[in-house]
Amino acid sequence: MSYRVYDTNAIVVRHWPYREASTRFWLYTRDLGRILARAQSIRKVTSKLAGGLQTGSRSEVELVCGKAGWRVVGCQPGTNYLLCTSAHQQQIISRFFRLLNQLVPDQQHDPYLYQIISAGLMAVKNSTDTAEQKAQEKLLVLRTLVQLGYAPDPDAAALEPFIYSADYGASVISSFQPHVLAAVGQINQSLKTIQL
């Protein structure tokens, strides 16, 4: 029996050992949403998949769905958001991955949310300014919540210009800085509503 191969961009949100030499992953994909997948024999020295499937990696993956669920059968490594970054950047990205795993339901297809997330993570990775990184994190979380339908409050009209975009450029962040406290209020309200 042959299976359809799905070719998509994926962010490795988390990975852990599975059985003797395999690994399980939470992947956030452009075309399939969040999925639980496994890769066989990935912990062997000869594995060609390992390089692109570390936590924090954004790679082009090939997936098949069989009786035992999703399986990674191919991988082209891309960037890794957690490599060559400061401890502060790693904390921001790791914190966001934990939140993403709690917020996004399985297999909810949303290419625009994928764009918001991948652009936000790349902005945090590439920034050299701590204050800018903090603002980028708040904007990334706010935009993710909005795209998932959790925010904003109608009274937060000042945040409207920043919400519906995947731009994290310097001018956007500079304009957003005075609204960070309002954004934090919206984020906290949304997380309280969904009991996180």
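Note that the structure is predicted; figures quoted are calculated from it, not measured. Numbers here are sequence positions counted from 1.
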Just to verify, what does S57 make a side chain to side chain donor-acceptor pair (under 3.5 Å) with, not counting sequence neighbours?
N80
How close do [X] and [Y] get, heavy atom to heavy atom, and via which atoms?
X    : Y    : answer
D167 : G169 : OD1-N, 2.7 Å
A39  : F25  : CB-CE1, 3.6 Å
L82  : S94  : CD2-OG, 4.1 Å
T55  : V13  : CG2-O, 3.5 Å
I42  : S22  : CG2-C, 4.1 Å
L63  : A37  : CD2-CB, 4.2 Å

Find out if a path of hydrophobic residues (ILVMFWY) with successive side-chain heavy-atom gaps under 4.5 Å connects [X] to [Y].
X    : Y    : value
L159 : V180 : yes
L148 : I187 : yes
M122 : Y114 : yes
L121 : L83  : no

With rounding to the nearest 0.5 Å, note down the distance linking [atom1] in [X] to [atom2] in [Y].
X    : Y    : atom1 : atom2 : value
D110 : I116 : CG    : CD1   : 7.5 Å
R58  : N9   : CZ    : CG    : 6.5 Å
Q108 : Y28  : CD    : OH    : 7.5 Å
L100 : R98  : CG    : CZ    : 12.0 Å
Q186 : L181 : CD    : CG    : 12.5 Å
D129 : H88  : CG    : NE2   : 10.0 Å

Determine the interplanar angle of the Y6 and W70 rings, folded into 0 to 90°, and report it as parallel if under 30°, tilted if 30 to 60°, perpendicular if over 60°.
perpendicular
Are any non-hydrogen side-chain atoms of [X] and [Y] less than 4.5 angstrom apart?
X    : Y    : value
F162 : L139 : yes
L140 : I92  : no
L99  : T144 : no
L191 : V141 : no
L53  : V61  : yes
W26  : W16  : yes
Q147 : Y112 : yes
V12  : Q54  : no

Quick one, L36 with D106, criterion side-chain contact (heavy atoms from CB on, under 4.5 Å). Give me CA distance, side-chain angles, the key distance, then yes/no.
CA-CA 8 Å; L36 178 64; D106 291 350; over 6 Å; no
Residue pair S165, R143: steps toward the side-chain contact (heavy atoms from CB on, under 4.5 Å) verdict:
CA-CA 8 Å; S165 170; R143 286 174 173 174; 3.7 Å; yes
Are the side chain of [X] and the backbone of [Y] linked by a donor-acceptor contact shorter than 3.5 Å?
X    : Y    : answer
E132 : A170 : no
S190 : Y150 : yes
Q89  : S127 : yes
T8   : D31  : yes
E60  : G78  : no
E62  : V73  : no

Tell me, yes or no, whether the heavy-atom count around Q76 atom CD, taken from other residues, nucleotides or ligands under 6.0 Å, exceeds 12.
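No, the 6.0 Å shell around CD holds no more than 12 heavy atoms from other groups.
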More than 12 non-hydrogen atoms from neighbouring residues, nucleotides or ligands closer than 6.0 Å to CD on E160, yes or no?
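Yes, enclosed.
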Do R34 and N101 meet the criterion of a side-chain donor-acceptor pair at a distance under 3.5 Å?
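There is such a pair (donor and acceptor under 3.5 Å, judged by atom type) between the side chains of R34 and N101.
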Using the rule given for side-chain contact (heavy atoms from CB on, under 4.5 Å), can you reason through V124 versus Y168, listing the C-alpha separation, both sets of side-chain angles and the distance that settles it, and then say yes or no?
CA-CA 9 Å; V124 170; Y168 296 87; over 6 Å; no
